[in-house]
Amino acid sequence: MKPATKFIHAGAHPDPSTGAIMTPIFQTSTYVQEAPGVNKGFEYARSQNPTRKALEEALAIIENGKFGLAFSSGVAATDAVIKLLSPGDEVICANDMYGGTYRLFTKVFERFGIVFKYVDTTNTANVQSAVTDKTKLVWIETPTNPLMNITDIAAVAAIVKGRNILLAVDNTFASPYLQNPLDLGADIVMHSVTKYLGGHSDVIQGCLVMNDADLREKLYFIQKSCGAVPGPMDCFLVLRGIKTLGVRMKAHCENGKIIAHWLRNHPKVAKVYWPGFEDHTGYAVAKKQMRDFGGMISFELKNDSVEEAKRVLSSTHLFSLAESLGGVESLINHPASMTHASIPREERIKNGLSDSLIRLSVGIEDAEDLIEDLNKAIG
Ligand SMILES: *Cc1c(COP(=O)(O)O)cnc(C)c1O
């Protein structure tokens with residue numbers, strides 16, 4: 001089945017008691033038992049909820065996986081994966097990833113004795129040489145936020161294969177429309193559902209998708225024991241959001257392409273980061289593992305002062321100045337002071353994230369209007 005069809009039909013079953021085509025919002029905390037221990041598979045809503053169950057089924061299907069688990073946020077989903085580990089275990093992760101992931105690793109889990117090694121995963125030889133007999137997990141993000149670096153998922157999967165090391169991929173930027181890491185050998189796919197899957201900037205949620213039943217049991221145990229579950233209303237919103245993922249992503253990609261090229265030709269723009277450019281360092285890998293190149297773009301101005309970047313950031317009208325991405329409306333963001341402020345400046349600069357970098361989440365408005373808005377702001 002093709003993705004667009006899957007997005008609409010995944011996990012959709014008419015409600016057995018009424019025939020309702022949409023899964024109802026089961027706003028309940030508990031379920032009445034017929035006799036002690038006799039129930040319909042639902043006991044208490046932290047452990048099971050029918051709206052969440054329908055969503056988890058849909059998440060698994062759209063990522064070509066067997067099992068889905070939904071969490072109350074993207075970072076809660078990441079948190080659950082790290083809780084598979086024990087003190088002394090080592091994680092190899094990308095040196096350019098979502099700031100909140102970096103914060104969770106360095107500020108929370110390092111205190112519990114988990115060791116994180118940050119490497120440039122765009123060169124997979126770095127992953128190979130960082131592996132020790134204590135390595136239990138490799139965590140990658142591709143394309144990365146905000147520099148759009150690309151890591152070869154299949155090549156990393158080949159490195160960890162047969163070594164009892166899990167490969168987890170944060171697939172938030174690509175969405176299942178563009179890329180399916182499980183098909184490329186990953187063990188776990190993570191999403192900030194808040195972004196493209198929700199798609200309407202109205203919900204915070206995360207998820208994990210996997211194929212291995214034992215791994216699913218371990219992660220389900222963590223989900224119910226630690227309790228970071230999403231509410232049924234949020235699950236309903238995401239089930240609804242996923243239905244239009246195909247048309248939305250198609251429009252994000254079309255607009256992204258137009259705007260990336262337009263920016264690149266703008267006399268005041270120095271550099272544009274977008275994986276669809278043939279001279280982008282990750283282009284060949286992106287072309288191999290992604291179906292298109294998405295609507296996330298970062299750029300630097302020729303006048304690279306923070307003041308000039310801030311002036312542009314404050315001058316757009318259709319592009320709203322906000323954190324987050326992946327909604328139908330366009331957003332503009334200053335990673336250095338917003339999404340990536342939790343990364344020390346020295347680290348940021350070393351990884352190529354300059355103070356003047358501007359990130360766009362190109363929405364699905366008419367491209368002409370978006371260009372006019374950017375043109376006025378850049379001046
Ligand atoms: C937003 C984001 C997260 C965190 O997800 P939340 O839903 O905000 O907790 C993780 N990874 C990436 C790439 C993100 O963009």
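Computed over heavy atoms, backbone and side chain alike; hydrogens, waters and symmetry mates excluded. We count ligands from 1, going down the list as the structure has it; atoms in each ligand are counted the same way. Index from 1, following the sequence.
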> How long is the gap from CG on D292 to NZ on K287, to the nearest 0.5 Å?
Replying inline: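 So the CG of D292 and the NZ of K287 are separated by 9.0 Å.
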
>> Applying the side chain to side chain donor-acceptor pair (under 3.5 Å) criterion to N149, which one of D96, T122, T121 satisfies it?
In response: D96

> Does NZ or CZ of K40 lie under 6.0 Å from the centre of the six-membered ring of F26, at an angle within 45° of the ring axis?
Replying inline: no

> Distance under 6.0 Å and angle within 45° of the ring axis: does R46 meet both against Y44?
Replying inline: no

> After noting the C-alpha distance and the side-chain angles of Y273 and H280, does the key distance pass the ring pair (Phe, Tyr, Trp, His ring centres under 6.0 Å) rule?
Replying inline: CA-CA 8 Å; Y273 299 84; H280 182 284; 7.7 Å; no

For ligand 1, what N or O to protein N or O distances fall under 3.5 Å?
| residue | atom | partner | partner atom | Å |
| --- | --- | --- | --- | --- |
| ligand 1 | 5 (O) | S192 | OG | 2.9 |
| ligand 1 | 7 (O) | G74 | N | 2.9 |
| ligand 1 | 7 (O) | S192 | OG | 2.8 |
| ligand 1 | 7 (O) | T194 | OG1 | 2.7 |
| ligand 1 | 9 (O) | G74 | N | 2.9 |
| ligand 1 | 9 (O) | V75 | N | 2.9 |
| ligand 1 | 11 (N) | D170 | OD2 | 2.7 |
| ligand 1 | 15 (O) | K195 | NZ | 2.8 |

> What are the two closest non-hydrogen atoms of A174 and Q179, and how far apart are they?
Replying inline: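 Minimum heavy-atom contact is CB-CB, 3.7 Å.
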
